[in-house]
Structures are given as structure tokens and as C-alpha cells.
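Presented below is the structure to which this report refers.
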Amino acid sequence: DQQVKQNSPSLSVQEGRISILNCDYTNSMFDYFLWYKKYPAEGPTFLISISSIKDKNEDGRFTVFLNKSAKHLSLHIVPSQPGDSAVYFCAASAESSGNTGKLIFGQGTTLQVKP
Amino acid sequence: ETGVTQSPTHLIKTRGQQVTLRCSSQSGHNTVSWYQQALGQGPQFIFQYYREEENGRGNFPPRFSGLQFPNYSSELNVNALELDDSALYLCASRNNIPSSYNEQFFGPGTRLTVL
């Protein structure tokens, strides 16, 4: 069963516009969520995280929103830049229930930012 | 600060053989996790090591085993290789601090091809 889902395999946006990447999860025990960016031939790079006690976390151009009742989170990138073109993975873990460090990943969304 | 490093970069094996992949964790990190990423999928958690002991395991058979050494470096061993083991193997490290959320940092991965 896919506990973390990224239903959009790809997204294309114009440079300067907002990119919104979505992620849904099913396990209510998840209490820590992360976004990673991955370029070809490289490992995932940590972008931003949020714990379940918050509903928003911001870091520069990146903002993550968490809607616990809907079991949904999203990553907003504003403004989008061509260098943001990569595969974005959403990940979740159930830290409080002892599964520390076990990240469950979505399938990824390929973002293309056009100049 | 040295990041997570993995060796080798690429590896080709034949079915039935055994393989050992290596990982050096980021400086100051005491916990190492291994993930398998098949083509077009998100990374899947194999297991985690903390204080040289396995501390959590995903849905992988016993022929996937590991070690963590006193300097926090780690090995992933896979016996009796199968064609489906062909994937990118990622190592991630973090500092396991109780009662806090700590993101994992990934290495570049080892691309394993089983023929």
C-alpha cells in the first residue's frame, strides 16, 4: 500500500511563477514531513521539513503547508527558477511512535521550470 | 563538514552473486539508513543502524544485511542477487537526538545492475 502519494508525475511552470507540488498521505501516525529535491546522478537533497504541530514552514522561496485533517501537504516555490527543475519527493515518518528515521517516500514529481 | 559519501558509484553483478556497498556518514552523524530506489519510484527504506545495531527494518528479505562501524560508517550486503535488485542504493545519515526531529542527508548513491 502506498502510504505517501504524489499524484502528479510531472509539472511545468514558467520562470517567475509559483510552483505547487502536492502530496497526500494515509497514515495518521505520521508526524514529520520532508521535501527532497533530486537531480539526475545525485542523491536527494533536503529542502524543507515540517512537524505535525505546525501548519506552515517557510525557508526563503520554499514554503511547506500541512493540512492534517485532509492528510495533505504541499510545497510552494516562489518565484520558480530554471535551476529548480528536478524531481521532488515528499517523505513522511512516524517519529513519535518509534519509527524514527524510517522515511516513507512518494513516487516523486518532475518539475520543469521554463525560461 | 564532509557530506555523505558512497562507494562504488556503479557496479555490475550477475544473478546469484553477493555485493557489498559502503557508506561514510556525514561528520557528527551517528545514525545511518539505507534505501533502495527503483527506476521511476521513490526511495524505499531498507534498514537503519544506530550505535552499531539494526534499529528498524523495512520490507526486505534477510539476504539484505548491514553493518555499522564505530566510526559510524556502514555497509550494505546483499546475498544471492536477483534481477529485481537492480536499483540505486542510497545511504542517508543523521544525528539521532531524542525528542527532536532531525532530517536525513543522502549520499549520491550506488547504481547496482544485476545481469
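Convention: sequence-line order gives letters A, B, ...; per-chain numbering from 1. Treat the numbers as computed from the prediction; the structure is a model and nothing was measured.
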inquiry  = Once rounded to the nearest 0.5 Å, what's the spacing between atom NZ of A/Lys102 and atom CZ of B/Phe47?
reply    = 13.5 Å
query = Hey, any chance A/Ile48 and A/Leu11 share a hydrophobic cluster, counting ILVMFWY side chains that come within less than 4.5 Å of each other, even indirectly?
reply = yes
key: In one Ile/Leu/Val/Met/Phe/Trp/Tyr side-chain cluster, 4.5 Å: A/Tyr25, A/Ile50   = yes
query = Is the number of heavy atoms from other residues, nucleotides or ligands within 6.0 Å of CG (B/Asn59) greater than 12?
reply = no
query = Are B/Tyr49 and B/Tyr89 connected, step by step, through hydrophobic side chains (Ile, Leu, Val, Met, Phe, Trp, Tyr) whose heavy atoms are closer than 4.5 Å?
reply = yes
query = Non-hydrogen atoms of chain A under 4.5 Å away: do they reach the side chain of B/Gln37, the backbone, both or neither?
reply = side chain
Separation between CD of B/Gln104 and OG of A/Ser49, rounded to the nearest 0.5 Å = 11.5 Å
query = Among the clusters formed by ILVMFWY side chains lying less than 4.5 Å apart, do B/Leu11 and B/Val78 turn up in the same one?
reply = yes
key: Interchain contact, B/Ile46 with chain A, by part (heavy-atom threshold 4.5 Å)   = neither
ask   = So with a 6.0 Å cut-off around CD of B/Gln44, is the heavy-atom count from everything else above 12?
value = no
task = Identify which of B/Ala92, B/Pro108, B/Gly40 forms the greatest number of heavy-atom pairs closer than 4.5 Å to chain A.
result = B/Pro108
Would you be so kind as to tabulate the donor-acceptor pairs closer than 3.5 Å made by side chains of residues 72-81 of chain A, with sequence neighbours excluded?
from, atom 1, to, atom 2, distance (Å)
A/His72, ND1, A/Cys23, O, 3.3
A/His72, ND1, A/Asp24, OD1, 2.8
A/His72, NE2, A/Asn22, OD1, 3.2
A/Ser74, OG, A/His76, NE2, 3.4
A/Ser80, OG, A/Arg17, O, 2.8
A/Ser80, OG, A/Ser19, N, 3.3
A/Ser80, OG, A/Ser19, OG, 2.6
A/Ser80, OG, A/Ile77, O, 3.4

inquiry  = Quick check: is B/Val32 connected to B/Phe60 through a chain of hydrophobic side chains (ILVMFWY, heavy atoms under 4.5 Å apart)?
reply    = yes
key: Value rounded to 0.5 Å, distance of CD in A/Glu42 from CG in B/Leu88   = 11.5 Å
message = Within the structure provided, determine whether B/Pro43 and A/Leu103 are in side-chain contact (heavy-atom separation under 4.5 Å).
response = no
ask   = When the aromatic ring centroids of B/Tyr35 and A/Phe105 are compared, is their separation below 6.0 Å?
value = yes
Least distance between heavy atoms, B/Leu90 atom then A/Gly43 atom = CD2-CA, 4.1 Å
Part of B/Gln48 within contact of chain A (heavy atom distance under 4.5 Å) = side chain
ask   = What part of B/Thr31 is in contact with chain A, defined as an atom under 4.5 angstrom from a non-hydrogen atom: side chain, backbone, both or neither?
value = neither
query = With ILVMFWY side chains joined below 4.5 Å, transitively, what does B/Ile12's cluster contain besides itself?
reply = B/Leu115
key: From CZ (B/Phe106) to OH (A/Tyr36), nearest 0.5 Å   = 5.0 Å
task = Measure B/Arg57 against the heavy atoms of chain A and call it side chain, backbone, both or neither at under 4.5 Å.
result = backbone
